[in-house]
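Here the structure is laid out as C-alpha cells; the discussion comes afterwards.
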Amino acid sequence: MKVLITLNKMNTGRVQLSCIKSTNEGGGVGTAYTLPPFNPNAMAEVEAILGNMGVDDAIIAATVSQIRQAGLGGVVKVQDRDVPDDILRENGFSL
C-alpha cells in the first residue's frame, strides 16, 4: 500500500521519521505512523530505515540535506512509495 514518507524537524532539533498510509484510494485520508525522534547526529539510522523502505540513495541524500537546513518545525517530504506492512513493522513502525 502507498505511504507518504516525511522527515519532521522537532522544536528540539531532533528529526522524526513519519509515514502516512493511505486508507482511501483517492488519497487524502490515512493513518499516520511515527518513530521516536532521532538525535541529529544519528541521521545514519534514518538513512538506513529509508533505504530499507526502498527509497533511492540520491533521494535519501537530498532529503537529509534539506532537513538539516530546515528550521525548527520544518517538514520535508521524502517520497510516496508502495511499502509492505511487514517492512514498516521491521523498521519499528507500529501498525
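Only heavy atoms go into these numbers, but all of them, side chains included; no hydrogens, no water, no symmetry mates. Quick note: residue numbers are just sequence positions, from 1.
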Check G51 against I60 and note the closest heavy-atom contact, atom names and distance.
-> N-CD1, 3.6 Å
Working to the nearest 0.5 Å, report the span between NZ of K77 and CG of L7.
-> 13.0 Å
Kindly determine whether L17 and E45 satisfy side chain to side chain contact (heavy atoms under 4.5 Å, CB included), including the steps that lead there.
-> CA-CA 10 Å; L17 177 59; E45 285 184 65; over 6 Å; no
Got R14 and F38 here, is their nearest side-chain heavy-atom distance under 4.5 Å?
-> no
Between the main-chain N or O of K2 and the side-chain N or O of D82, is there a donor-acceptor pair closer than 3.5 Å?
-> yes
Would a distance-only check, ignoring hydrogens and angles, find a side-chain to backbone donor-acceptor pair under 3.5 Å from K9 to R68?
-> yes
Separation of L4 CG from K21 NZ (nearest 0.5 Å) = 14.0 Å
Contacts of type side-chain contact (heavy atoms from CB on, under 4.5 Å), residue Q66, not counting sequence neighbours | V76
Between I5 and C19, what is the shortest heavy-atom contact and its length?
-> CG1-SG, 4.1 Å
Work out which heavy atom in V55 is nearest to a heavy atom in I59; give both atom names and the distance.
-> CG1-CG2, 3.7 Å
Taking all atoms of both residues into account, what is the closest heavy-atom pair of G54 and R81, and its distance?
-> O-CZ, 3.1 Å
May I have the list of side-chain donor-acceptor pairs in residues 88-95 shorter than 3.5 Å, sequence neighbours left out?
unit_1 : atom_1 : unit_2 : atom_2 : d
N91    : OD1    : N52    : ND2    : 2.9
N91    : ND2    : I87    : O      : 2.8

Would you call L35 and Q16 a side-chain contact if the rule is heavy atoms closer than 4.5 Å?
-> no
In sequence, state the C-alpha distance, the side-chain angles, and the governing distance for I67 and M43, and then conclude on side chain to side chain contact (heavy atoms under 4.5 Å, CB included).
-> CA-CA 10 Å; I67 199 66; M43 288 304 290; 3.9 Å; yes
Are any of the side-chain heavy atoms of V3 and I20 separated by less than 4.5 Å?
-> no
Where is the tightest heavy-atom contact between P40 and G13, given as atom of each residue plus distance?
-> CG-O, 3.2 Å
Work out which heavy atom in V75 is nearest to a heavy atom in T6; give both atom names and the distance.
-> CG1-CB, 4.2 Å
